[in-house]
Amino acid sequence: MQERYNPLEIEQLWQERWAAEQPWRVSEDASVPKYYLLEMFPYPSGRIHMGHVRNYSIGDVVARYKRLKGFNVLHPMGWDAFGMPAENAAIQHGTHPAAWTRENIDKMRTQLKRMGLSYDWERELATCDADYYRWEQLIFLRMFDRGLAYKKSAAVNWCPECETVLANEQVEDDCCWRCDNRVVQKELDQWFFKITDYAEELLAWTEKMPGWPESVLTMQRNWIGKSVGCEIDFAVAGHSDTIRVFTTRPDTLFGATFMSLAPEHPLVDVLTVPERRAEVAAFIEKVRAIDPAQRTSDDYEKEGVFTGAYCINPVNGEQLPIYLGNFVLMAYGTGAVMAVPAHDQRDFAFARKYDLPVRVVIQPSNEILTAETMTEAWEGSGTMVHSDQFDGLDSETGKQKVTEHLEERGVGKASVNYRLRDWLVSRQRYWGTPIPIIYCDACGPVPVPEADLPVTLPTDIAFSGEGGSPLAKLESFVNTTCPQCANPARRETDTFDTFVESSWYFLRYASPDWSTGPVDAEAVAYWLPVDQYIGGVEHAVMHLLYARFWTKIMRDLGMIDLDEPFQNLLTQGMVCMETKACPEHGWLYPEEIAEGRCRQCQAEVVAGRNEKMSKSKKNVIDPDGLIKRYGADTARLFTLFAAPPEKDLEWNEQGVEGCSRFLHRVWRLVYDNLALITDAGDVAADLSPAAKTLRRQVHRTIKKVTEDIDGSFHFNTAIAAVMELVNSISAFDEKGTAPAVLREAIETVVRLLAPFVPHLCEELWQHLGHAQSLEQTEWPHWDELAMAAETLLIVVQVNGKVRGKVTVPADADDQAVEAAALNDANVARFLEGKSVRKVIIVPGRLVNVVVG
RNA sequence: GCGGGUGUGGUGGAACUGGUAGACACGCUAGAUUUAGGAUCUAGUGCCGAGAGGCGUGGGGGUUCGAGUCCCUUCACCCGCACCA
């Protein structure tokens, strides 16, 4: 054994051995309990970043721990390989997206292997493989067949200069990122998945997922946004049309004083009176340019325009003017809102601005509202007034009664609305899964026959960044024949949102080479659900909701028997770092800064905020350098020790040194004591007090580390506990007389650290004389007997302030503890001249003496 | 704006069900030692105070024998918001 710990050398050795032996390949084995551990797969950007290092280090600890606990652990890795960056690289550097992506995958695979992560690499998959996406196309066809995939018009960001669709990310201050021209909203025919059909089920299951963080479930519930209410039809005066509204407050119907329509509402054209057309058109044009999220915020100035038309309130026959409002969205509800200014803040603001009447119909219990004196809407409950036969009802009962009344008269019905919208899945881009549809002039949209799958993404293609999707310009791809009538036809050139690929990769891992369908149902039945899913909190809603939806789709298509894909979810925090900028050159990488100054212009660098590490802000640390300098074990240990996984991790390079130092200490601990413990026998029955104390700590540490890993993933405190044990072993001064206790202690350190720093521990385990790998061992057990203490330290307070500490036998009763506490010299000092009113005893912990 | 989080020493963080606030580590200070090594070892290190002691978990208020933890209120920061992945 070498005197010095040389991480780079031993890590290379063990990684070579792992590559040759592939110890983490698994197959189904009904005789062993399975454990499916999954970390969110990466986008192959080319380099791993600290977020990956953290995510995969966390996962690897759990994978290695579960194997030692006897589970058959599935721990796969793959690549979310489609996406915009590959296409951007093609536009900017002329590289082909496929080549760029493959190269990046190779680089990142090497980096992940360099970290010593225990994956079953045989199951590796990349979503850009036709063998993967062909099954996605198949599932799409079956969804299309059942009406779960459909086309409708939707607005996209459009750059008139580049004549191309822009992602939200490509829009900077309402302008195109490439040409800086103003972006407009354009209506295009788009593919949607009917996730709204599953809204109720997705919502209901959130009540049955105890393995998920409550915060994530809450976010998903809010995203689905179920609201119970009522649809009401308003006839339009002088027209045959009616306007349907959705409201959660039918009890306020008598307070409606006007109607607000979304600018995109289909009736706008029909209703608007000729003399107001110009004004209405101008208003629609203005609203279109604004981001919907912005225009519906409470802060945004409420604006509208009168159409000149009126509708009729079905309960009292009143004529209500019809306006367009910038705060009404076509995508939510029916795109029309009955306006009740007295009881809705947005309507109130609108009414005050356009001088429309306010009518109070709900009176709260603690004040009297009047339309003239109100400064904001009363949105709470109360008693119904000015509502004819409903007067005097409380508003909750009123909701029901008014709904019943409308239903009887056939002008309304109880209804449920969701905030959730159908999933827009088509993208006007090249680097994605082709949507398998053919457009025929005679037959319309025709699905590609399943036997013709996959529709392969062509590779002979040019990228300019202008003129829309490159696929649409490739005649050899576009031109085809109709599968139904054999006449010339055109292929769909849109591709899928990359969220589609990531919605089922975890199912494919169960049988990655299955060639007769998306998955082998038996393999899925064995491995799924994922027992532990780990990934960034930023995926709390979209990815995790789409994956749940897709699982239910595959279930309903009869492909799998599974309701929910992820049993337990751990959402890790982000890795953050302070952004730094030069007034001249903008954001700077750490290496572009020397002594607080910009290397280029010597200007003083301005520190920004702590934000998520991102290339655009240049506040990134390249894990490669870290690994090259300290080794993978130190990099892993540091990310795990710096913070508990669910919290954001603020990057601080200095802590790395400490972790490296600790591993050197562990190495020395073994090296220095090797001769002493090599021939140590069993632990003796009668131990000295010091040996007993060390042994007690050994077993308490086993318990602590086990519970920290298994229950809460609090690896930082697990590591701290082992550090404390190492400190105690170093300070143990009976090493020569109690070698068996010393050996047990040292071996425990090595075994407990194995999931965290596997290379080092395997190496030390070998030096400790074990022929078998640590992986063949069982996770250590703790011995309650060895943990028991003979004395306890009791804190003594006087009026809640600590005044002393006493040591008592572990079996002392309350009386004895109280006597010992009152006897303590410093405590006695504080009791002098005062009378004891009460003594509170917390067994095993504390005595509080209350004096007056 | 809506939704979800976070806030504790100079720094990262610890604290079981309301019971010693600051474990462990970084940094810093002093000393020792050395075959000068990304060294190691010993002691110290929340703030104020000579000390006794007092003060301290973003701010303000409350409940309690006792509050980082529970309640009310307020501030600051971070993440997501449907075409980034």
Side-chain angles (χ1 to χ4, degrees), chain A residues 4 40-43 45 80 82-85 156-157 165-171 190 213-216 218-223 225 292-294 296-300 331 419-429 497-499 502 536-543 545-546 571 573-574 576 609-612 614 616 629-630 638 641-644 646-662 664-665 668 707 714 716-717 719-724 727 730 793-802 804-805 829 837-840 842 845-851:
Chain A
R4 285 195 38 139
M40 291 178 185
F41 67 167
Y43 177 78
S45 59
D80 190 12
F82 277 136
M84 254 192 348
V156 294
N157 299 313
V165 177
L166 299 176
N168 288 341
E169 200 190 43
Q170 298 172 313
V171 180
Q190 303 270 21
E214 198 51 44
S215 59
V216 173
T218 305
M219 278 192 258
Q220 294 215 345
R221 286 181 201 124
N222 290 336
W223 186 264
Q294 198 185 350
T296 52
S297 81
D298 283 2
D299 259 7
Y300 201 78
R419 205 186 70 98
L420 182 70
R421 304 201 297 266
D422 276 341
W423 177 10
L424 197 169
V425 291
S426 46
R427 300 287 182 269
Q428 292 68 48
R429 287 182 220 297
D497 177 4
T498 59
F499 272 123
S502 57
V537 66
E538 66 271 22
H539 296 290
V541 177
M542 301 184 65
H543 161 61
L545 192 67
Y546 294 147
T571 48
M574 282 155 312
C576 299
R609 290 195 289 223
N610 265 310
E611 286 178 277
K612 175 181 168 178
S614 76
S616 61
R629 185 161 165 189
Y630 296 97
F638 174 64
F641 181 60
E646 70 275 10
K647 273 193 74 170
D648 287 351
L649 192 161
E650 209 176 295
W651 188 257
N652 170 11
E653 187 90 13
Q654 288 167 330
V656 181
E657 292 280 353
C659 288
S660 172
R661 237 171 0 224
F662 171 67
H664 276 93
R665 276 192 83 190
R668 269 203 317 278
E707 289 175 348
H714 281 177
N716 55 333
T717 49
I719 293 163
V722 180
M723 285 174 170
E724 286 183 75
N727 290 343
S730 300
L793 183 70
I794 303 292
V795 169
V796 186
Q797 298 181 331
V798 177
N799 285 348
K801 297 202 181 238
V802 178
K805 288 163 198 179
R829 212 158 59 79
R837 289 195 179 161
K838 194 158 56 158
V839 178
I840 290 151
V842 182
R845 281 192 172 273
L846 167 140
V847 176
N848 187 12
V849 185
V850 186
V851 298

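Chain letters run A, B, ... following the sequence lines, proteins first, then strands; residues in each count from 1.
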(message) One character per nucleotide, please: for nucleotides 35-58 of chain B, 5' to 3', B when the base has a protein heavy atom closer than 4.0 Å, S when only the sugar-phosphate does, - otherwise.
(response) --SB-SS----------SSSS---

What contact category does [X] fall into here, base, sugar-phosphate, or nothing, at under 4.0 angstrom with non-hydrogen atoms?
X: E646(A); value: nothing
X: F662(A); value: nothing
X: A642(A); value: sugar-phosphate
X: N848(A); value: base
X: V156(A); value: base
X: H539(A); value: base
X: V849(A); value: nothing
X: W223(A); value: base
X: M574(A); value: sugar-phosphate
X: L420(A); value: base

How long is the line joining [atom1] of [X] and [atom2] of [N], in whole Å?
X: L424(A); N: C84(B); atom1: CG; atom2: P; answer: 11 Å
X: F41(A); N: C84(B); atom1: CZ; atom2: P; answer: 17 Å
X: K647(A); N: G12(B); atom1: NZ; atom2: P; answer: 9 Å
X: R419(A); N: C2(B); atom1: CZ; atom2: C1'; answer: 8 Å
X: Q220(A); N: G5(B); atom1: CD; atom2: P; answer: 13 Å

Listed pairs, N/O of protein and of nucleotides 20-23 of chain B, under 3.5 Å:
| from | atom 1 | to | atom 2 | distance (Å) |
| --- | --- | --- | --- | --- |
| U20(B) | O2 | K805(A) | NZ | 2.9 |
| A23(B) | O2' | E724(A) | OE1 | 3.4 |
| A23(B) | O2' | E724(A) | OE2 | 3.3 |

Please pick, from [options], the nucleotide with the shortest atom-to-atom distance to any side-chain atom of [X].
X: A167(A); options: A85(B), G19(B), C84(B); value: C84(B)
X: M542(A); options: G19(B), A85(B), G13(B); value: A85(B)
X: N157(A); options: G19(B), C83(B), A85(B); value: C83(B)
X: P644(A); options: G80(B), A14(B), C65(B); value: A14(B)

(message) Please determine whether a side-chain nitrogen or oxygen atom of R427(A) lies at a distance below 4.0 Å from atom OP1 or OP2 of C83(B).
(response)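 For C83(B), OP1/OP2 do have a side-chain N/O of R427(A) under 4.0 Å.
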
(message) Taking the nucleotide of RNA chain B with the nearest heavy atom to each, does E169(A) or A721(A) sit closer to the 5' end?
(response)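 Its nearest nucleotide lies further toward 5', so the answer is A721(A).
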
(message) Reading RNA chain B from 5' onward, which residue's closest nucleotide shows up sooner: K838(A) or H714(A)?
(response)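 Result: H714(A).
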
(request) In whole angstrom, give me the gap between the C1' atoms of U33(B) and U20(B). (result)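 Between the two C1' atoms, the distance is 37 Å.
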
(message) Using atom P in both nucleotides, what's the gap between U11(B) and G58(B) to the nearest angstrom?
(response)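 The answer is 13 Å between these two P atoms.
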
Mind checking what makes side chain to side chain contact (heavy atoms under 4.5 Å, CB included) contact with [X], not counting sequence neighbours?
X: S215(A); value: P213(A)
X: Q797(A); value: V795(A), V802(A), L846(A), N848(A)
X: V851(A); value: V798(A), N799(A), L831(A), K834(A), V836(A), V849(A)

(request) Could you grab the distance from atom NZ of K647(A) to atom NE2 of H714(A), nearest 0.5 Å is fine? (result)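 One gets 10.0 Å once the value is rounded to the nearest 0.5 Å.
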
(request) Not counting sequence neighbours, which residues clear side chain to side chain donor-acceptor pair (under 3.5 Å) with N716(A)? List them please. (result)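 With sequence neighbours excluded, N716(A) shows a side chain to side chain donor-acceptor pair (under 3.5 Å) to no residue whatsoever.
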
(request) Kindly label the base of G9(B) as syn or anti, based on whether its glycosidic torsion lies within 90° of 0. (result)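 Base orientation relative to the sugar is syn.
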
(message) Check this for me: does the side-chain of N168(A) come within 3.5 Å of the base of C83(B) through a donor and an acceptor?
(response)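 No, no donor-acceptor pair under 3.5 Å.
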
(message) Between the base of C83(B) and the side chain of R429(A), is there a donor and acceptor pair under 3.5 angstrom?
(response)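 Yes, a donor-acceptor pair under 3.5 Å.
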
